[in-house]
Amino acid sequence: MKESPVLIALDGPVSSGKSSLADAAAKQLGILHLDTGAMYRAVGLAALRLEIDPADEQAVINMLNAGQAQVEVRFNQGKQQTLLNGQAVGHAIRSQEAGSAASSVSRYAQVRRNLVLIQQQLSKHQSMIVDGRDIGTVVLPHAKVKIFICASPEVRAQRRYQQLKSQGSEVSYESVLRELEHRDFQDTQRNHDPLRQAEDAVVLDTSKLNFKQSVDAIVRIANEAYEKTR
Ligand code: DC
């Protein structure tokens, strides 16, 4: 009989380090990492490129219906490639603007429905860590391992601020904290599939952990969960 894929749902707020942690943990476990935020960012980028206001729901829906925001994900030697209308957008989706646009368009049910379907298809036959906001609650409610990453807003803002500073950006810590609190509000208060911890998720507070300790904790939680079912 064919073994079912290993599925790990990893949710958490903005700048909790989810994506980098998921990447490193996936490598250690020898499975893929699907970054679902990249897919919402691609839809946000599509709106920006067409000069559509991401806050205008009807305009975003019209864009989807016109087939102008087709998102695909491929894995190339284990690395995720996110495509928008057939073109790789790995770099362009990382801007602050694309992040804000993603936060807006991710509020709309139709956007979520389309992307959740793709995510469920991708994880049907491949073992992966899937990171996002609604993975344990909506995308993979039956995942054997669910982890909810958290860290205080101040710790997350400090990490983000250091990262931006090292990239030469001149933002202030206060503005980073304000933007992060705004994103937290949007992600947790939206009507459709808001960020929330699944009842059966293990909470991992990384406020006092360094990167390696956080990765090790994820790998340990995953191994323990699978060991239990052997
Ligand atoms: O993880 P990220 O910052 O790249 O995500 C970008 C935005 O997409 C974020 O504001 C919330 C949204 N998102 C979502 O609504 N559901 C997901 N599964 C992943 C991301």
How far does [atom1] of [X] sit from [atom2] of [Y], to the nearest 0.5 angstrom?
X    : Y    : atom1 : atom2 : value
R49  : L84  : CZ    : CG    : 6.0 Å
L7   : Q126 : CG    : CD    : 10.0 Å
L45  : N85  : CG    : CG    : 9.5 Å
I149 : S16  : CD1   : OG    : 6.0 Å
S104 : D53  : OG    : CG    : 7.5 Å
D35  : T82  : CG    : OG1   : 6.5 Å

May I ask you to decide whether [X] forms a salt bridge with [Y], counting only side-chain N to carboxylate O separations under 4.0 Å?
X    : Y    : result
D216 : R220 : no
R156 : D184 : yes
E179 : R183 : yes

What do the steps show when you test V60 against D56 for side-chain contact (heavy atoms from CB on, under 4.5 Å), and what is the final call?
CA-CA 6 Å; V60 172; D56 181 343; 5.6 Å; no
State, yes or no, whether a side-chain contact exists between [X] and [Y] at a heavy-atom distance under 4.5 Å.
X    : Y    : answer
I8   : M128 : no
Q197 : C150 : no
R190 : S106 : yes
K18  : I135 : no
T36  : V130 : yes
Q189 : P194 : no
V43  : M39  : no
Y108 : H192 : no

Any side-chain to backbone donor/acceptor pair from [X] onto [Y]? Under 3.5 Å, distance only.
X    : Y    : value
S172 : S175 : yes
S127 : P5   : no
S169 : K165 : no
K146 : G136 : yes

How far apart are the closest heavy atoms of [X] and [Y], and which atoms are they?
X    : Y    : value
S152 : S207 : N-OG, 3.4 Å
V89  : A42  : CG2-CB, 4.3 Å
A151 : T206 : CB-OG1, 3.7 Å
A157 : V176 : O-CG1, 3.6 Å
Y40  : V116 : OH-CG2, 4.2 Å

Only one of Q158, Q162, Q163 forms a side chain to side chain donor-acceptor pair (under 3.5 Å) with R160, so which one is it?
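Option passing the side chain to side chain donor-acceptor pair (under 3.5 Å) with R160: Q163.
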Greater than 12 external heavy atoms within 6.0 Å of [X]'s [atom1]:
X    : atom1 : value
E199 : CD    : no
H182 : NE2   : no
F75  : CZ    : yes
E51  : CD    : no

Should [X] and [Y] be counted in the same cluster of Ile, Leu, Val, Met, Phe, Trp and Tyr side chains packed under 4.5 Å apart?
X    : Y    : value
I129 : L34  : no
L10  : L204 : yes
V155 : Y173 : no
L177 : L164 : yes
I147 : L21  : yes

Quick one: salt bridge (Lys or Arg N to Asp or Glu O under 4.0 Å) pairs with a partner in residues 99-120, sequence neighbours left out?
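Applying salt bridge (Lys or Arg N to Asp or Glu O under 4.0 Å) to every pair that reaches into residues 99-120, excluding sequence neighbours, yields R112-D134, R112-D193.
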Donor-acceptor contacts under 3.5 Å from residues 63-74 side chains, at least two apart:
from	atom 1	to	atom 2	distance (Å)
N65	OD1	Q110	NE2	2.9
E72	OE1	R74	NH2	3.2

Only counting residues at least two apart or in another chain, list the ones meeting salt bridge (Lys or Arg N to Asp or Glu O under 4.0 Å) with K124.
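Salt bridge (Lys or Arg N to Asp or Glu O under 4.0 Å) list for K124, sorted by chain: empty.
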Side-chain donor-acceptor pair present, S103, Q186, cut-off under 3.5 Å
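Short answer, yes.
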Candidate pair D11 and D131, rule side-chain contact (heavy atoms from CB on, under 4.5 Å), full reasoning:
CA-CA 6 Å; D11 290 301; D131 93 76; over 6 Å; no
Go through the steps for F148 and V202 under the test side-chain contact (heavy atoms from CB on, under 4.5 Å), then give the verdict.
CA-CA 6 Å; F148 191 85; V202 176; over 6 Å; no
Evaluate the side-chain contact (heavy atoms from CB on, under 4.5 Å) criterion for residues R133 and V14: first the C-alpha distance (whole Å), next the side-chain angles of each, then the deciding distance (0.1 Å), finally the verdict.
CA-CA 9 Å; R133 306 292 193 284; V14 64; 3.9 Å; yes
